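Here's the structure we're looking at; comments come further down.
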Amino acid sequence: MMITELKEVSSSRVKVFTDERPAFVLYKGELLKYRLKEGEEIPSQVYEELFGEVLPKRAKLRCMNLLKSRDYTTEQLRKKLKLGFYPEEVIDEALSYVASFHYIDDLRYAEDFIHYNSSRKSRKRIENDLLNKGISKDTVQAAWAKWEAAGNLQDEDAQIEAFLLKKQFDASSADPKELRKMYAFLLRKGFSADKVQKHLQK
């Protein structure tokens, strides 16, 4: 594999391009250690060490450090590692590693998200939020099933009433323009048209 370009990304790190494509980032000291230079081939032994030990270990530590402060979905961690210019195979290995210890668990993440948001967000809004975080639709549905199997229920009618109260909205005295505005607001919150109409027609 030929090094086609070395591009400094910080005072201590360099992005290594191979065959005209960005491949990975190394510290400047590592370039010296492995005697890597622009326009020269990466020795097979060095390549194996970098991709078999150095980069995977670094990616795993990066994941662990991120997970110290908060939970991440698999896709969120993948995006973080991509921002660090880790190769795809290294990213896969790091994610498999943290998943094997259940440090990341998309089902658990979705269950917790539902638990903490079920009283203030509509089901549709919660599902969209989880999908946007990279959690699959099947996992989201499985999380809802587990949450409901535990005896939990979501009261979207109470949520709508809470929004109306917070907005000090009185449907009986509102003019058509105000009704349309509130109707659109509640739809954006993810509530169904039928439920919104029921509350605005009271």
Side-chain angles (χ1 to χ4, degrees), residues 9-10 13 22-27 50-166 185-196 198-199:
V9 294
S10 72
R13 300 188 305 151
F24 50 91
V25 169
L26 293 176
Y27 288 101
L50 290 175
F51 280 77
E53 299 177 25
V54 176
L55 294 174
K57 181 180 179 180
R58 188 169 296 157
K60 292 170 187 175
L61 287 174
R62 173 64 173 153
C63 287
M64 297 295 286
N65 286 330
L66 287 168
L67 290 165
K68 283 180 181 178
S69 57
R70 49 161 284 198
D71 282 337
Y72 284 84
T73 67
T74 303
E75 185 60 26
Q76 287 173 330
L77 272 186
R78 182 179 294 279
K79 288 179 178 178
K80 286 286 188 180
L81 293 178
K82 282 184 176 180
L83 288 174
F85 304 107
Y86 288 98
E88 200 66 38
E89 62 267 36
V90 171
I91 293 175
D92 289 340
E93 182 177 341
L95 293 178
S96 295
Y97 175 80
V98 292
S100 70
F101 293 99
H102 298 287
Y103 295 141
I104 54 171
D105 185 327
D106 284 357
L107 179 59
R108 183 189 67 210
Y109 185 103
E111 287 182 72
D112 289 344
F113 192 88
I114 290 170
H115 176 75
Y116 288 113
N117 291 282
S118 60
S119 63
R120 62 189 187 91
K121 289 185 178 183
S122 67
R123 178 169 181 144
K124 184 178 179 181
R125 182 69 176 270
I126 290 172
E127 289 179 352
N128 285 339
D129 286 348
L130 289 170
L131 291 173
N132 289 334
K133 292 175 183 293
I135 295 180
S136 72
K137 187 175 182 179
D138 287 345
T139 300
V140 173
Q141 295 306 317
W144 275 115
K146 287 190 69 175
W147 184 77
E148 290 170 344
N152 297 302
L153 292 173
Q154 187 182 37
D155 190 348
E156 290 192 343
D157 290 310
Q159 290 182 32
I160 293 174
E161 286 297 328
F163 276 119
L164 294 177
L165 182 63
K166 184 177 180 181
F185 169 78
L186 292 171
L187 286 184
R188 288 196 299 273
K189 291 295 183 181
F191 299 109
S192 70
D194 288 344
K195 283 188 178 180
V196 173
K198 180 182 75 173
H199 286 271

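These figures come from a predicted structure and were not determined experimentally. Side chains included, hydrogens not; waters and symmetry mates left out as well; all remaining heavy atoms used. Nothing fancy with the numbering, it's 1 onward along the sequence.
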To the nearest 0.5 Å, how far apart are [atom1] in [X] and [atom2] in [Y]?
| X | Y | atom1 | atom2 | value |
| --- | --- | --- | --- | --- |
| L95 | K60 | CG | NZ | 11.0 Å |
| L61 | L66 | CG | CG | 11.0 Å |
| N65 | K80 | CG | NZ | 12.5 Å |
| L153 | E148 | CG | CD | 7.5 Å |
| Q76 | Y109 | CD | OH | 4.5 Å |
| Q154 | S122 | CD | OG | 7.0 Å |

Salt-bridge present (E127, K137; N to O < 4.0 Å): no
Test: E88 and R78 ion pair at under 4.0 Å: yes
With E156, the salt bridge (charged side-chain N to carboxylate O under 4.0 Å, His left out) member among K189, K198, K195, R125: K195
E75 side chain vs L131 backbone, donor-acceptor pair below 3.5 Å: no
For a quick test of reading the model, state the closest non-hydrogen atom pair linking [X] to [Y] and the distance between them.
| X | Y | result |
| --- | --- | --- |
| L186 | I160 | CD1-CG2, 4.0 Å |
| I91 | Y86 | CD1-O, 3.4 Å |
| C63 | L77 | SG-CD1, 4.2 Å |
| G84 | V25 | O-CG2, 4.0 Å |
| A59 | L81 | O-CD2, 3.9 Å |

Are side-chain heavy atoms of [X] and [Y] found at a separation under 4.5 Å?
| X | Y | value |
| --- | --- | --- |
| F113 | K121 | yes |
| T139 | L130 | no |
| Y27 | R58 | yes |
| L50 | L26 | yes |
| D155 | Q159 | no |

Whether W144 and W147 hold their rings parallel, tilted or perpendicular, with breakpoints at 30° and 60°: perpendicular
CZ (R123) with more than 12 external heavy atoms under 6.0 Å: yes
Pairs where residues 98-108 contributes a residue and the test side-chain hydrogen bond (donor to acceptor under 3.5 Å, both in side chains) is met, not counting sequence neighbours: T74-D106
